Amino acid sequence: MKKHFVVIGLGRFGGSICRELHSLGHQVLAIDIIPEKVNTMTDYSTSSTVTDATDKEALLALGIKNFDVAIVAIGENEHASIQSTLVLKEIGIKVWVKAQNTNHQKILEKIGADRVIHPELDMGIRIAHQLDSDNIIDFINLSKNYSIVELKATGKLSNRSLIDLNVRAKYGCTILAIKRGEDVNVSPSPNDIVHEEDILVVMGSNSELKHFEEKGM
Ligand code: ATP
């Protein structure tokens, strides 16, 4: 379903969100306080405007109330990011905000941001997990203790069925999907066979996943 988004702050982060949402066919209003930044997004948004996102009246005049989600991608100027989040929550819409550091993150959570994103921290964690193991292709944190990882199947798993591998009973984690080239088996059945080089999408606690990766792969 197509949605209405407002992206505030058109730096690298906000700009890439704006472009991507627009290319996915959503309605996107792009906002920045600097005209040059707004000009860079005219072709990649439904509409764009030079506006101070801390100014409640200005945002109300833009009809912000009717948008599904506001993405506040103002990083450097923490005061403006916090102020803008407060105003958007007062207006009554869902707000996703980019945090610059953990203090900023805590403040944003306290004032009611619906989601706080910390791109550098999150990406650093994902990359560290990929570096940690030769088999980990990607890593997504679900919570502090639970994750989804993509693991490359080794020869040890080759030509064995899921029932034979018995990953859930042995390691406590669940194989959600099996990727083979462009094909993705999103509801693998117990008799499905794993091939070497398949990518297994596995969910579990971090310790279970580590155990599976070290002993089961
Ligand atoms: P990135 O790391 O994503 O590239 P950046 O460092 O280029 O970010 P930031 O300083 O984090 O940019 O700010 C992102 C954008 O937010 C800038 O283009 C800035 O002009 C804009 N911005 C700052 N304050 C406001 C405000 N009050 N209202 C609207 N836009 C703002």
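Note that the structure is a prediction, hence the values are computed from the model and not measured. Order of appearance sets the numbers: ligands from 1, and atoms from 1 within every ligand. We count residues from 1, following the sequence as given.
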Logged contact type for Arg12 with ligand 1, heavy-atom cut-off 4.0 Å, is both
Looking only at non-hydrogen atoms, the one of Ala80, Gly11, Gly75, Gly15 nearest atom 9 (P) of ligand 1 is Gly75
For Thr51, the atoms of ligand 1 under 4.0 Å from one of its heavy atoms are 28 (N), 29 (C)
Logged contact type for Ser84 with ligand 1, heavy-atom cut-off 4.0 Å, is neither
Check your understanding: For ligand 1, is there an N or O atom under 3.5 Å from any N or O atom of Gly9?
Key -> no
In ligand 1, the atoms that come under 4.0 Å of a heavy atom of Ile34 are 20 (O)
So side chain to side chain donor-acceptor pair (under 3.5 Å) across residues 199-212, not counting sequence neighbours, yields Asp132-Lys210, Ser147-Asn206, Ser205-Ser207, Ser205-Glu208
| field | Flag if over 12 foreign heavy atoms under 6.0 Å of NZ, Lys152 | value | no
Counting only heavy atoms not in Lys3, do more than 12 fall under 6.0 Å of its NZ?
-> no
**Study point:** Ion pair check, Lys94 and Asp68, cut-off under 4.0 Å
**Key:** no
Taking only non-hydrogen atoms of Lys37 and a 4.0 Å limit, the atoms of ligand 1 in range are 18 (O)
Restricting to heavy atoms, the pick from Glu76, Lys98, Glu120 nearest atom 8 (O) of ligand 1 would be Lys98
message: Before we go on, tell me: are the rings of His26 and Phe5 under 6.0 Å apart, centre to centre?
response: yes
Looking at Val38, Asp32, Thr54, Ile74, the heavy atom closest to atom 20 (O) of ligand 1 belongs to Asp32
Ala73 heavy atoms within 4.0 Å reach ligand 1 at atoms 14 (C)
In ligand 1, the atoms that come under 4.0 Å of a heavy atom of Ala53 are 26 (C), 27 (N), 28 (N), 29 (C)
Margin query: Within the supplied structure, the quantity of interest is the number of heavy atoms (other residues, nucleotides, ligands) at a distance under 6.0 Å from Lys2 NZ; does it exceed 12?
Written below: yes
closest protein heavy atom to atom 30 (N) of ligand 1 is Ile33 N, 3.3 Å
Self-check item: Over 12 non-hydrogen atoms of neighbours within 6.0 angstrom of CD1 in Ile163
Solution: no
Looking only at distance, does Phe13 have an N or O less than 3.5 Å from an N or O of ligand 1? yes
With heavy atoms and a 4.0 Å threshold, my read on which part of Gln83 contacts ligand 1 is neither
protein heavy-atom neighbour closest to atom 27 (N) of ligand 1 works out as Asp52 OD1, 2.9 Å
Could you list the donor-acceptor pairs under 3.5 angstrom formed between side-chain atoms of residues 102-109 and any protein atom two or more places apart in sequence or on another chain?
| residue | atom | partner | partner atom | Å |
| --- | --- | --- | --- | --- |
| His104 | ND1 | Gln100 | N | 2.9 |
| His104 | NE2 | Ser81 | OG | 2.8 |
| Gln105 | OE1 | His118 | ND1 | 3.1 |

_Arg160 CZ: over 12 foreign heavy atoms closer than 6.0 Å_ = yes
A student checking ligand 1 against Leu10 at a 4.0 Å heavy-atom cut-off should list atoms 15 (C), 18 (O)
Cation-aromatic face contact Arg19/Tyr44, 6.0 Å, 45 degrees
yes
